[in-house]
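The structure under discussion appears below in the form of structure tokens.
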Amino acid sequence: MSIFDHVQHRYQRTRQEEMSLQEYLELCRTDPKAYASASERMLEAIGEPRTIDTAKDPALSRIFSNKIIRRYPAFEEFYGMEDAIEQMVSYFRHAAQGLEERKQVLYLLGPVGGGKSSLAERLKALIEQIPFYAVKDSPVYESPLGLFSAEEDGEVLEKEYGIPKRYMRSVMSPWAAKRLKEYGGDISKFRVVKLYPSRLNQVAVSKTEPGDDNNQDISALVGKVDIRKLEMYSQDDPDAYSFSGGLCKANQGLMEFVEMFKAPLKVLHPLLTATQEGNYNPTEGMGAIPFDGVLLAHSNESEWQQFRNNRNNEAFLDRVYIVKVPYSLRVSEEMKIYEKLLEHSSLDESPCAPDTLRMLAQFSVLSRLKEPENSSIYSKMRIYDGENLKDTDPRAKSIQEYRDNAGVDEGMSGLSTRFAFKILSRVFNFDSTEVAANPVHLLYVLEQSIEQEQLPRDVHDRYLRFIKEFLAPRYVEFIGKEIQTAYLESYSEYGQNIFDRYVTYADFWIQDQEYRDPETGELFDRQSLNDELEKIEKPAGISNPKDFRHEVVNFVLRARAQHNGHNPSWQSYEKLKGVIEHKMFANTEELLPVISFNAKASSSDARKHEDFVNRMQARGYTEKQVRLLSEWYLRVRKSQ
């Protein structure tokens, strides 16, 4: 299908379908979706969730306490928002059941750049997927059921067409009342159309933004008289009225009110009657206008606190269903947000060195966490991401303890994802000759940005502490490991020699026997063997060498049986592999000939250096980044 056919097909699919009122009622008899409320249609568009048993995943089980959680494909890209999305879906589910939520404003409360607007846009996109039925030519897209009286016609409609009475809560609009009078009471002259909500055409979807006391009044919500029509109609005639307000356009759909509590209080009054009674008054002396849709509002916490603390607003407070949308507090989810943002830009094709996104995500999450008592905030961040620190940090607490101590507002302050992405953009464009990102430039840009933001002194010092105390030292370890791994792959024979020698020495030490080196003829007694073993163990901080030696020898003896009597690879036993790596890199000088970009003393060193660079490039670095990061690592190691 060509792109032109594709657009044509979409247009044809959403075209109006017209029918008589009788045909509509017959449709209601067989298809309850014909009179479904906006909340019911939203639920259908959201679809069924995937259930995930977190007990089967070690990380998720720690984060969600082994609960079964639900994830909705419709919100797949909203990372780390499980709680907020579940609350939103609960709102629509309860509203669809006709419960109290049906009369409440869905209010997204969260910090700037936390994803409120993105959630609102997704909800508007979702409601466009499911059609609804309205009286043809009605300026407020009213339900055909509004043409009937719930008191007088309700029982007949329920008995003959199976339409429950609760669906006949809307009133007839002034426009429809005038038409009915023109038709001499013959209701069959009304036609019904099947419509798809549309943001583009303002059909059952609208967006209202706050003005101020001088330039905004309730007409932004309820419409106003069109003065050009007053030549033909009286001022209270429905045909002289412009049904252009947000509530008018969003009937049977969704109205988004951006930064709602920045609007003057008088502007918000129509929302009270619209939600509670299903109708609202226009600016002129006409009858009430029906409203049977979803009101979606969002603003930042400062506006909400100011509004809540004003006693004049008590009527509103009871009619607001709050869904908190905090920043992500999980590093792995925050990284996915950055990856999604990069996908939607040309930077997606630019090289990004390993650990760049993780480091930025860690910094962002640290800024949002509340400092715990008697524990490291860095450990708290790792616990929130589902890590198990039982063996490495005995002071780390459980995720529930951290949450209880932090209170309900954690994640409502700190650095926004928007701020983080601006940092990332600067990092990618830091080098004028190469559009690429790496953690060393990120550390520099972060420090610069903290100085430029003119933050309060305590916040400024706290952010700098995160960089100097947590991010930079751990990156030294990370890049050292990366460089060493690329170096080791060129020096596997060296590592194997250390491994074989360690195993031999440990075996003779355990048996309390002397060992004679077959190549040199040198004799090692038990004390000499112990000295040689400690040269390998001490750089790695082995605290119980006796047990460690027994462990290693037992492992190797079992492995030899599967390797025809030969020792296994030096990388096969993780604990000893780490010990050997520490031994190999205890002295930075050993690395210099291979990883430095200085002139090489021999062709052998030049070949090994080229091999090292190729291995680093295979790990996701550009050649320029290999040079920058290697030199930075050597410089930092030398200064320590």
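Small disclaimer: the values here were computed from a predicted structure and weren't measured.
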Checklist entry - Could you walk me through whether H298 and S117 pass the side chain to side chain contact (heavy atoms under 4.5 Å, CB included) check? => result CA-CA 8 Å; H298 51 87; S117 299; 3.8 Å; yes
Next on the checklist: If you apply the rule salt bridge (Lys or Arg N to Asp or Glu O under 4.0 Å), what do you find for D137 with R179, and how did you get there?
Outcome noted: CA-CA 11 Å; D137 297 329; R179 299 288 89 78; over 6 Å; no
Checklist entry - Given the rule in the side chain to side chain contact (heavy atoms under 4.5 Å, CB included) test, do E23 and V192 qualify, once you have shown the distances and angles that lead to the verdict? => result CA-CA 9 Å; E23 287 169 330; V192 177; over 6 Å; no
Item to check | Residues Y241, F243; criterion ring pair (Phe, Tyr, Trp, His ring centres under 6.0 Å); working and verdict | outcome: CA-CA 6 Å; Y241 198 77; F243 295 88; 5.0 Å; yes
Next on the checklist: Please evaluate residues S364 and Y338 with respect to the criterion side-chain hydrogen bond (donor to acceptor under 3.5 Å, both in side chains), reporting the C-alpha separation (whole Å), side-chain torsions for both, the decisive distance (0.1 Å), and the verdict.
Outcome noted: CA-CA 11 Å; S364 296; Y338 301 158; 2.8 Å; yes
Checklist entry - Does the pair R41 and E44 meet the rule for a salt bridge (Lys or Arg N to Asp or Glu O under 4.0 Å), with working shown? => result CA-CA 5 Å; R41 300 199 310 277; E44 185 186 347; over 6 Å; no
Next on the checklist: Walk me through whether E142 and S173 qualify under side-chain hydrogen bond (donor to acceptor under 3.5 Å, both in side chains).
Outcome noted: CA-CA 7 Å; E142 61 193 289; S173 72; 2.4 Å; yes
Checklist entry - How far apart are the C-alpha atoms of R368 and E410, what are their side-chain angles, what is the distance that settles it, and do they pass the salt bridge (Lys or Arg N to Asp or Glu O under 4.0 Å) test? => result CA-CA 7 Å; R368 301 164 186 171; E410 190 170 44; over 6 Å; no
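Under a 3.5 Å cut-off, the side chain of S367 and the backbone N or O of L415 do form a donor-acceptor pair. In this structure, the side chain of T356 does not engage the main chain of C352 through any donor-acceptor pair within 3.5 Å. No side-chain donor-acceptor contact under 3.5 Å links N279 to the backbone of I289. Counting only distance, with no hydrogens or angles, the side chain of Q276 and the backbone of T273 share no donor-acceptor pair below 3.5 Å. Between the S206 side chain and the G246 main chain, a donor and an acceptor come within less than 3.5 Å of each other. Side chain of D31 to main chain of L27: no donor-acceptor pair is present (N/O by atom type, distance under 3.5 Å, no hydrogens or angles). For the pair R29 (side chain) and E160 (backbone), a donor-acceptor distance under 3.5 Å is present. No donor-acceptor pair closer than 3.5 Å links the side chain of N281 to the backbone N or O of A288. With R122 contributing its side chain and A74 its backbone, the two residues share a donor-acceptor pair below 3.5 Å. A donor-acceptor contact shorter than 3.5 Å links the side chain of S345 to the backbone of L347.
Checked against salt bridge (charged side-chain N to carboxylate O under 4.0 Å, His left out), E101 has no partners two or more places apart in sequence or in another chain. For S302, the side chain to side chain contact (heavy atoms under 4.5 Å, CB included) partners two or more places apart in sequence, or in a different chain, are N300.
Atom CD of E349 has 12 or fewer heavy atoms from other residues, nucleotides or ligands within 6.0 Å. Surrounding CD of Q306 are at most 12 heavy atoms belonging to other residues, nucleotides or ligands under 6.0 Å away. Counting heavy-atom neighbours within 6.0 Å of E48 CD, excluding the residue itself, gives a total of 12 or less. Atom CD of E231 sits in a sparse spot, with 12 or fewer heavy atoms from other residues, nucleotides or ligands closer than 6.0 Å. The environment of E26 atom CD is dense: over 12 non-hydrogen atoms of other residues, nucleotides or ligands sit within 6.0 angstrom. Heavy atoms from other residues, nucleotides or ligands lying under 6.0 Å from NZ of K224 number 12 at most. In this structure, K340 places its NZ atom where more than 12 heavy-atom neighbours from other residues, nucleotides or ligands lie under 6.0 Å away.
The structure places NZ of K67 at 13.0 Å from CG of D53, a figure rounded to the nearest 0.5 Å. In this structure, CZ on R319 lies 9.5 Å from CD on Q104, to the nearest 0.5 angstrom. Interatomic distance, K422 NZ to T417 OG1, rounded to the nearest 0.5 Å: 12.0 Å.
Taking the charged nitrogens against the carboxylate oxygens, K336 and E77 have no contact shorter than 4.0 Å, which rules out a salt bridge. Salt bridge annotation for E18-R191: present, with a cationic side-chain nitrogen under 4.0 angstrom from a carboxylate oxygen.
W304 and F307 have parallel rings, their planes meeting at less than 30° on a 0 to 90° scale where 60° marks the start of perpendicular.
Residues A406 and Y384 come closest through the heavy atom pair CB-OH, 4.5 Å. When all heavy atoms are compared, the tightest approach of V325 to K116 is CB-CG, 4.2 Å. When every heavy atom of V427 is checked against every heavy atom of A437, the shortest pair comes out as CG1-CB, 3.7 Å. Pairing each heavy atom of A204 with each of P197, the nearest pair is CB-CB, 4.1 Å.
Checking F257, F261, Y321 one by one against Y107, the ring pair (Phe, Tyr, Trp, His ring centres under 6.0 Å) holds for a single residue, F261. With Y133 as the fixed residue, the ring pair (Phe, Tyr, Trp, His ring centres under 6.0 Å) test singles out one of Y167, Y24, Y196: Y24.
In this structure, a donor-acceptor pair under 3.5 Å is present between the side chains of D385 and S332. Checking Q87 against Y91 by side-chain atom types alone, no donor-acceptor pair falls below 3.5 Å.
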